[in-house]
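Structure record follows, encoded as structure tokens.
Only this structure's heavy atoms are used, side chains among them; waters, hydrogens and symmetry mates stay out. Since this is a predicted model, take the numbers as computed values, not measurements.
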Amino acid sequence: MGTAQSREDRITDSESDEGYEEGEEEEEEQYDDALSDHQNTQSSSSTSTSSGGNTPKAKWVISEKLTSYSFTKENGDNDENCWVLEVGTKVRVRVSTEMQLKMFGDQKRVDFVDKAVWALKFLSDEEYRNFVTQFQNCLFENVYGMEASEENKVKVYGKEFIGWMKPEVADDSMWEDADDLSSGSVPVKGNRELMEEFEEAANGGVQSLALGALDNSFLVNDLGVQVYRNFNRGIHGKGICVKFDAGGSRIGGSPSSSTPKKALLMRAERNMMLMSPENEGKPNATGLKQVDIETGKIVTEWKFEKDGADITMRDITNDTKGSQLDPSESTFLGLDDNRLCQWDMRDRKGVVQNIATSGSPVLHWSQGHQFSRGTNFQCFASTGDGSIVVGSLDGKIRLYSKTSMRQAKTAFPGLGSPITHVDVTYDGKWVLGTTDTYLVLICTLFTDKDGKTKTGFSGRMGNKIPAPRLLKLTPLDSHLAGNNNKFHGGHFSWVTENGKQERHLVATVGKFSVIWDFQQVKNSAHECYRNQQGLKSCYCYKIVLKDESIVESRFMHDNFAVSNSPEAPLVVATPM
């Protein structure tokens, strides 16, 4: 099938990953023996090894001491031609980010996932580099449907983003400058291990987590909203549950809307907005419920409406990163597939609507934009000053200033995977996008024509845009995380004060909460980045393992970081 377009070469499989420290020397000897036997052959060859199990005790097994590989074009699921990697008789896999390919340039080796973890070790540096280049070209073509030519790369990324397609020529100085700019932050102390763990039962069916920066945090589950007390060692159940009234009215009248999927704290965390999907399987809602936390009562059921017509929202968030602490907060942000707006709970005259006389109250669309063409917005977040970052289905990440939702100041090109969640630092200098198979960390800083350093929220970034960095799991950890487990909910740690810098990033995949040291990721000299081709990828993280799939992982507010700890406690919510 498609052999006319085959790209063929030969290769070798490899030794242990970081996860397998024992027996590494023995494996090195095995590879050395395999290689010395074939040192004088003309063909470019490689060794292949596999780790077939998906438990931490799985061992590397040499599969073929000498094998060959080819990149072949075949018909995919949707009758589209796609590149497939074949290695010997054991491996046949579509070239994609789901392979979690990891490069070891100093060892002339790549590891990847295809039902098991495979490693290929090449006989020469030239062979290794040739394979990596072919892989990246095939990946580009599979993602964008066009050949990986310079002209097509400019088409996809745009001239301003030359550093995204040629990371080797990217200006990395902004990553270092940003470190200097945030040097006032408290350094992370050494390699402190995670401290002791406390567990709280949540009575099952957990849908979402709403962390408070003041007294309480909240878990939304099938029964209602569970209230937890915030401490500097985590959250502790208060035995209070605000139950949903099964007999009461439901927004949109859909049975599935009885369990909210989204909770937003407002008004000094005395009110909570609960949003339930209109239809099962889709996040879009036609309205929301406003709960008074002190009384436990639903005080209002709001409808989303524009120009007299009902509309939906797929997500809501606070106006700024710290506005949930404002007791007078009456506005919040809304996002739908092609809408970005601000909602106001006051009427047009600026007073809070009289709920008793207004029947079904309608939120006032105070500002925003309805885009005519398919922006396919998926998720958004706000900075400390109210600037907005929006992630899209096509992988684009757009930056909007606090003064205009009509046109993005900066639009970063997609890397081929939909953005499912997005977060931004309080100062707006860093954006974290979550995709199914990796996180993308973007530096928004640039120097304007007057030599001033600004963020891409306040002005259009020029042509010296820093290349992003990717945060990934090693192929082994990706395999251990289980089938169909995808990254979700990547967050920075939580600060709401100028001059304080976030210190960690956390994301969830399967039963893993994965934590990166922010300072380490920003460091261009970090050992992970040596001998890599393409965008810099960081594999240095800690994993918190749970017995069941994790719903959400979030760091508590910086207020709850104790003096001898490098970070506020991490809260991990599982369905139970």
For Arg339, all residues meeting salt bridge (charged side-chain N to carboxylate O under 4.0 Å, His left out), sequence neighbours excluded: Asp336
Given side chains that start at C-beta, do those of Val390 and Thr375 come closer than 4.5 Å, heavy atoms only? no
Between Glu269 and Arg267, does at least one N-O distance fall below 4.0 Å, as a salt bridge requires? no
Applying ring-ring contact (aromatic ring centres under 6.0 Å, His included), name anything that partners Phe457, two or more places apart in sequence or on another chain. none
Mind checking what makes side-chain contact (heavy atoms from CB on, under 4.5 Å) contact with Gln378, not counting sequence neighbours? Arg314, Leu393
Which heavy atom in Met275 sits nearest to a heavy atom in Gly287, and how many Å separate them? CG-O, 3.8 Å
What heavy-atom pair brings Trp430 and Cys443 nearest, and what distance separates the two atoms? CZ3-CB, 3.5 Å
Closest non-hydrogen contact found for His557 with Ala568 is O-CB, 3.4 Å
Just by distance, do the side chain of Thr444 and the backbone of Gly428 share a donor-acceptor pair under 3.5 Å? yes
Below 4.5 Å, heavy atoms only, C-beta onward: do Leu265 and Ile293 meet side chain to side chain? yes
Is a side-chain N or O of Asn230 found less than 3.5 angstrom from the main chain of Phe560, in a donor-acceptor match? no
Any Lys/Arg nitrogen of Asp292 or Lys297 sitting under 4.0 Å from an Asp/Glu carboxylate oxygen of the other? no
Report, as yes or no, whether the 6.0 Å neighbourhood of atom NZ on Lys536 holds more than 12 heavy atoms from other residues, nucleotides or ligands. yes
For the atom pair CG (Leu219) and OG (Ser208), what is the distance rounded to the nearest 0.5 Å? 8.0 Å
Could you tell me whether the side chain of Glu160 and the main chain of Met461 form a donor-acceptor pair under 3.5 Å? no
Lys500 and Asp558: salt bridge (charged side-chain N to carboxylate O under 4.0 Å, His left out), yes or no, with the steps? CA-CA 9 Å; Lys500 284 203 168 181; Asp558 190 58; 2.7 Å; yes
I'd like to know if the side chain of Asp450 reaches the main chain of Lys452, judged simply by a donor and an acceptor atom lying under 3.5 Å from each other, with no hydrogens or angles considered. no
Thr312 side, atom OG1; Asp337 side, atom CG - distance, nearest 0.5 Å: 6.5 Å
Can you tell me if Ser392 uses its side chain to pair, donor with acceptor, with the backbone of Asp394 under 3.5 Å? no
Restricting to side chain to side chain donor-acceptor pair (under 3.5 Å), what partner residues turn up for Ser387, sequence neighbours left out? Asp385
Is the Tyr541-Trp516 ring centre distance short of 6.0 angstrom? yes
When rounded to the nearest 0.5 Å, the distance separating OG of Ser493 from CD1 of Ile515 is 10.5 Å
How far does CD1 of Ile388 sit from OG1 of Thr320, to the nearest 0.5 angstrom? 11.0 Å
Tell me, please, which residues at least two apart from Arg229 pass side chain to side chain donor-acceptor pair (under 3.5 Å). none
Pairing residues for Lys402 by the side chain to side chain donor-acceptor pair (under 3.5 Å) criterion, not counting sequence neighbours: none
Do Ser524 and Arg469 have a side chain donor and acceptor closer than 3.5 Å? yes
Does Asp310 pair with Lys303 as a salt bridge, N-O distance under 4.0 Å? yes
Non-neighbouring partners of Thr420 that pass side-chain contact (heavy atoms from CB on, under 4.5 Å), sequence neighbours left out: Thr434, Asp436
Looking at Ala213, is its backbone amide N or carbonyl O close enough to the side chain of Asn559 to form a donor-acceptor pair, meaning the two atoms are under 3.5 Å apart? yes
Please answer whether the main-chain N or O of Lys429 pairs with a side-chain N or O of Thr425 as donor and acceptor at a distance below 3.5 Å. yes
May I ask you to check whether Trp343 and Phe304 place their ring centres under 6.0 Å from each other? yes
Working for salt bridge (charged side-chain N to carboxylate O under 4.0 Å, His left out), residues Asp315 and Lys262: CA-CA 8 Å; Asp315 201 3; Lys262 174 77 182 185; 3.3 Å; yes
So, using ring-ring contact (aromatic ring centres under 6.0 Å, His included) as the criterion, who are the partners of Phe380 when residues are at least two apart? none
Of all the heavy-atom pairs spanning Gln324 and Leu211, show the shortest one and how long it is. NE2-O, 3.4 Å
Single hit among Ser513, Ser549, Ser553 for side-chain hydrogen bond (donor to acceptor under 3.5 Å, both in side chains) with Thr508: Ser553
Closest non-hydrogen atoms of Val422 and Ala381, given as atom of the first, atom of the second and distance, are O-CB, 3.6 Å
Could you tell me whether a side-chain N or O of Ser382 sits under 3.5 Å from a main-chain N or O of Asn318, the two making a donor and an acceptor? yes
Going by the rule ring-ring contact (aromatic ring centres under 6.0 Å, His included), which residues pair with Phe492 if we only count those two or more places apart in sequence or in a different chain? Phe518
Return yes if some donor-acceptor pair links the side-chain N/O of Thr410 with the main-chain N/O of Gly456 below 3.5 Å, else return no. yes
Rounded distance [0.5 Å steps], CG in Leu470 versus SG in Cys538: 10.5 Å
Sequence-distant partners of Phe377, ring-ring contact (aromatic ring centres under 6.0 Å, His included), two or more places apart: Phe371
Identify the heavy atoms of Gln100 and Leu473 that sit nearest to each other, and give their distance. OE1-O, 3.9 Å
His504 and Phe555: ring-ring contact (aromatic ring centres under 6.0 Å, His included), yes or no, with the steps? CA-CA 9 Å; His504 291 90; Phe555 281 104; 5.7 Å; yes
Interatomic distance, Asn216 atom CG to Met272 atom CE [nearest 0.5 angstrom]: 9.5 Å
Applying side chain to side chain donor-acceptor pair (under 3.5 Å), can you list everything that pairs with Thr403, at least two apart in sequence or on another chain? Ser401
Among residues two or more places apart or on two chains, list those pairs meeting salt bridge (Lys or Arg N to Asp or Glu O under 4.0 Å) that have a residue in residues 405-423. Lys321-Asp423
